[in-house]
Undergrad: 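Below is a structure I'd like to ask you about.
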Amino acid sequence: MSKNTADSVDSRVIQRLERAVGPDGVLWRPEDVLAFEYDGTIERARPQVVVFPRETSEVAAVARIARDAGLPIVPRGAGTGLSGGAVAALGGVVVALTKMKRILEIDVNNRFAVVEPGVVNLDLSKAAAPYGLYYAPDPSSQRACTLGGNVAENAGGPHCLAYGVTTNHVLGLEIVTPEGDAVWLGGRAAETPGYDLRGAFVGSEGTLGIATKIVVRLLPVPEATRTLLAIFDEVDQASAAVSAIIGRGIVPAALEMLDRLVIAALEPALHVGYPVDAGAVLLIEVEGLHETVTEQAAAVREVCEGEGARELREAKEAEERERLWAGRKGAIGALGRLAPNYYVLDGVVPRTKLPAVLREVYAVAERYGFPIANVFHAGDGNLHPNILFDERKEGETARVLAAGEEITRACVDAGGSITGEHGVGLEKRGYLSWIFSEEDIAAMEKVKAAFGSGELYNPCKMFPTGKGCGEVSQARLERAMQRAGPDAYI
Amino acid sequence: MSLDAPSNAAALEAALSAAGTVAPGSDAFAVDGLKARYVVTPADVGGFADSLAAANNADASVVPRGGGRQMALGNVPRRYDVALRTAALNSVLEYEPADMTATVEAGISMGDLASALAEHGQFLPFDAPSDASLGGVLAAAVSGPSRHAYGLPRDWLLGCRIALADGTLVRAGGRVVKNVAGYDLPRLIVGSLGTLGVIVEATVKVTPLPAVEETLLALQASASAAIDAASEAGSRGLALTAVAVLDGGAASRCGAAVDESGWRAAYRVAGGVAAVARTKDELGTLAGGEDAAVLASQQATAFWSSMLEPLGDIELTITVPPAALRGLVDLLPEGRAGVVAYPTGGKLRVGLDSADAEETASSVRALREAALRAGGSLVVNAAPPGVKQAVAVWGDIAALAIMRRMKQEFDPRSTLNPGRFVGGI
């Protein structure tokens, strides 16, 4: 297949793909594939072909064609990912799963749903709502992101504090293996004998195969929910309150922090009622039995007051609660008001280290002269510092990356991780060796070998090395940032 | 290289002795009637890895062993040269109660771990006997009535250190509650029965002990009535941390005897004072609930811990989507030792005492077919070797080809627990 070049692919391959998924399911003209160059991050790379399968059998056919042609294969959902997972780093075939968006089954008695990978996260909860059920993981992009993408990245969200991230909610997966076979991992029961390949696949960032059906747990909507907003003058007080709430043995459904800069961005844009003069606020939600939430809400109030909260507000009705959440989920998007560009990080620290690491984040902001806005899952210790900058200023992008690296390094030094929910992807592959030794990474590569996905499945993702990925480096990242428009950062 | 050659055996013995205490194999360490040549107790993680490396180099097979509570699980091993114990790996390495995470050596007993955590009002919600090791519970993915509220062991393991078959020590996962860096090897290793590597250290999430805890036992006239009541209770989001249904045989083993045909539904009610009171009220309105007995705290502890003991020489575990349990209970053989169901978790344990391998095999076949039809599976959790040979311990497994390659990648010489796992892995 020597005719495969950076911009074109052998016409016989196109013909085979068109036979597999239908002529309307294949894009290959450079102008048509342009929209599939990027995801929610700053990296860009152009695929040679984008295919839109509608059935498992079509995915399998595409997998075989790509393998025979020696073309990289990159699965893609809505393209909202925040680590470059859907970027076709070495070109090849992007398998867009957005046409596989059927909810195949909602089993009310057993509380699970069988879905295709292109189903949008929030659409599943909407479909389950008439039965009093919902799907718990709720990434901020849940109105757009797909469950297939959630599986690939092991996506999180504010309510994962109490309910766990995607992997805690996936019972089974039908995947198409790199050989083009459809195989079930796990199933409809909570456990299946044998290795937990389902567990290994979730969060594998498209490097082990393509999920074509997903069985997810649904939870009953809790009978009571109380949403509190604790307002603090200082960030330090808010982070101390986070530790104190957890230390008190309360696990809220969600425990989110927004700092002054974030509120300054979101409030004028969204008008949802966050106090613009606060140093930081905590958005705290408790859920469960009436009796439990009453007790927990009182305890949360007491702790926050003890840590110096100047005011505690509680959402009186559903509409007010939704407003507060709309503010939280729209926060990062609103940062565009403060600066032309922003770069979002995803470090995790032990909860007790939160105050110290947050101080370090602000110190980095000071040292580099970049405003850094923080809106994050405080209860999990999962930070999202957003570095605000202007790419048009000479040398600024390089310094943003350096600042981000310092913050991520501070998280690792505190005993934490480089990513809590966005994934390693292209962006943080160089950091994987900060937390894992060569032997540790070699053990992960054994998993890849067992699935038989080799170098063609989403190449240059997660692992620091990879054939032909040398170019995917810091220098390339900087060039990508310089090319990226202001919208490319979310 | 064969251990039959005296010089090879001597070389291995010397290497093992350098890494830990070595004793000759004995009945106490037999697996399915097979005795090990050596029983090795390394003093530390390094010694454990060295012992494994020495055995691997000598083509000696290794059966890793924690508290010895799950040795009946799995096929009869193809070979059994070395019993490699984690017993001396029992330290708490790092425990920060405010982070609600603990890092411990994997040989620590569940009882010792529970004591360390209880000092700070916390616990790890696994259902395992106190003399089981944490590593063993993870390797065998042991679960019980708490799965109703707390899920499965795989949901609590944040990270671990694994000794691979060649003695390489690797770290997987992390020490924080949220982390998606790299493949999720902790999930792969949980339930792998030590066939990919041995967990030598584990970082687990822990959770606060509830303020109030009470156990209620309701008498039920039939299996279906018991399962319906327990399922209904479980579906209401009440303050329940454990739900189980027991037949007469199982109930009497747990010190809560009922007459022969009767069944029990058991509830552990836990949480805040008001939530517990409300939950008890609601349980009272369910079938059989009005006469529910509240167990005294010591009795309750004994009740729940007896439930974790084997139900017979032969024990089957069936896992299905929860609504399928009722149909399966109707298929249970008459001559059984006891039945425990976790209706909200879709799990059923059946104890059989039958000495007749053929009869057992036919019961297993019927139940397994029904479990498969319902989208689940049946595993023979324990059985005498003769019965294991007559029935398939694990049944047919999907994705077995990938699993075989996984084993090949992690343990190419088949050193670890050869033959015991699915598909004879």
Side-chain angles (χ1 to χ4, degrees), chain A residues 109-110 153-154 156 164-165 167-168 183-185 187-197 199-200 202-204 220 222-223 243 246-247 249 288-289 291-292 295 348-352 380-382 415-421 423-424 432 435-436 439-440 443-444 446-447 449-451 462, chain B residues 96 98-101 121 141 151-152 154-155 162 164 168 170-172 174-185 187-188 190-192 196 207-208 235 237-239 271-272 274-275 278 319-323 345-346 375-377 379 394-395 397-400 402-403 405-406 409-410 422:
Chain A
N109 288 329
N110 289 307
E153 302 296 333
N154 196 6
V165 293
T167 191
N168 297 74
V183 175
W184 273 93
L185 316 178
R188 293 165 176 235
E191 295 167 281
T192 42
Y195 298 135
D196 186 3
L197 299 178
V202 176
S204 62
E223 71 173 26
S243 294
I246 301 288
L289 293 182
E291 290 79 358
T292 307
E295 203 173 293
V348 190
V349 297
R351 292 176 270 222
T352 47
D380 286 321
N382 186 186
S417 174
I418 58 173
T419 173
E421 56 182 13
V424 177
L432 198 69
I435 50 175
F436 292 116
E439 287 83 7
D440 302 344
M444 292 181 198
K446 293 177 196 293
V447 174
F451 275 85
M462 191 184 291
Chain B
E96 177 51 74
D99 285 332
M100 293 208 293
T101 58
L152 298 165
R154 66 184 188 216
D155 300 322
I162 305 165
L164 299 183
T168 309
V170 299
R171 288 186 196 278
R175 290 187 175 196
V176 281
V177 296
K178 203 171 173 193
N179 178 18
V180 297
Y183 292 145
D184 196 342
L185 291 184
R187 278 180 194 260
L188 182 66
V190 170
S192 66
L196 297 178
T207 194
S235 72
L238 297 171
R278 145 102 181 268
T319 311
V320 287
S377 59
V379 172
W394 301 100
I397 303 290
L400 189 59
I402 301 175
M403 293 183 195
R405 289 201 299 264
M406 196 72 77
E409 288 293 326
F410 276 86
V422 298

Undergrad: Counting heavy-atom pairs under 4.5 Å to chain B, which of A/Gly247, A/Gly249, A/Gly423 comes out on top?
TA: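 Counting heavy-atom pairs under 4.5 Å, the top option is A/Gly249.
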
Undergrad: Which atoms of A/Tyr195 are under 4.5 Å from chain B, going by heavy atoms: the side chain, the backbone, both sets, or neither?
TA: both

Undergrad: Measure distances from B/Val320 to the heavy atoms of chain A and classify the residue's part below 4.5 Å as side chain, backbone, both or neither.
TA: backbone

Undergrad: Can you tell which part of A/Glu223 gets under 4.5 Å to a heavy atom of chain B, answering side chain, backbone, both or neither?
TA: side chain

Undergrad: Name the region of B/Val422, side chain, backbone, both or neither, that has any atom closer than 4.5 Å to a heavy atom of chain A.
TA: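 Contact with chain A: side chain only.
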
Undergrad: For A/Asp380, which atoms come within 4.5 Å of any heavy atom of chain B: side chain, backbone, both, or neither?
TA: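 Both parts, backbone and side chain.
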
Undergrad: Measure distances from B/Ile402 to the heavy atoms of chain A and classify the residue's part below 4.5 Å as side chain, backbone, both or neither.
TA: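 Both the backbone and the side chain of B/Ile402 come within 4.5 Å of chain A.
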
Undergrad: Less than 4.5 Å apart, any side-chain heavy atom of A/Leu432 and any of A/Ile418?
TA: yes

Undergrad: Taking side chain as everything from C-beta outward and backbone as N, CA, C, O, which of these in B/Ser192 sits under 4.5 Å from a heavy atom of chain A? Side chain, backbone, both or neither.
TA: both

Undergrad: A/Asn168, A/Val165, A/Asn109: which one forms the most heavy-atom pairs within less than 4.5 Å of chain B?
TA: A/Asn168

Undergrad: Counting only non-hydrogen atoms closer than 4.5 Å, does A/Met444 touch chain B with its backbone (N, CA, C, O), its side chain (CB onward), both, or neither?
TA: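 Contact with chain B involves both backbone and side-chain atoms of A/Met444.
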
Undergrad: Given heavy-atom pairs under 4.5 angstrom as the criterion, report whether the side chain, backbone, both or neither of A/Val183 touches chain B.
TA: side chain

Undergrad: Are any of the side-chain heavy atoms of B/Val177 and B/Met100 separated by less than 4.5 Å?
TA: no

Undergrad: With sequence neighbours excluded, what pairs up with B/Asp99 under the side-chain hydrogen bond (donor to acceptor under 3.5 Å, both in side chains) test?
TA: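 Per chain and number, B/Asp99 pairs via side-chain hydrogen bond (donor to acceptor under 3.5 Å, both in side chains) with A/Thr352.
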
Undergrad: Can you tell me how far the CD1 atom of B/Ile397 sits from the CE atom of B/Met403, to the nearest 0.5 Å?
TA: 6.0 Å

Undergrad: Please classify the contact of B/Ala399 with chain A as side chain, backbone, both or neither, using a heavy-atom distance under 4.5 Å.
TA: both

Undergrad: Could you grab the distance from atom CZ of B/Arg171 to atom CD1 of A/Ile435, nearest 0.5 Å is fine?
TA: 12.0 Å

Undergrad: Select one option (side chain, backbone, both, neither) describing which atoms of A/Glu295 are under 4.5 Å from chain B's heavy atoms.
TA: side chain

Undergrad: Is it the side chain or the backbone of B/Leu164 that comes within 4.5 Å of chain A heavy atoms, both, or neither?
TA: side chain

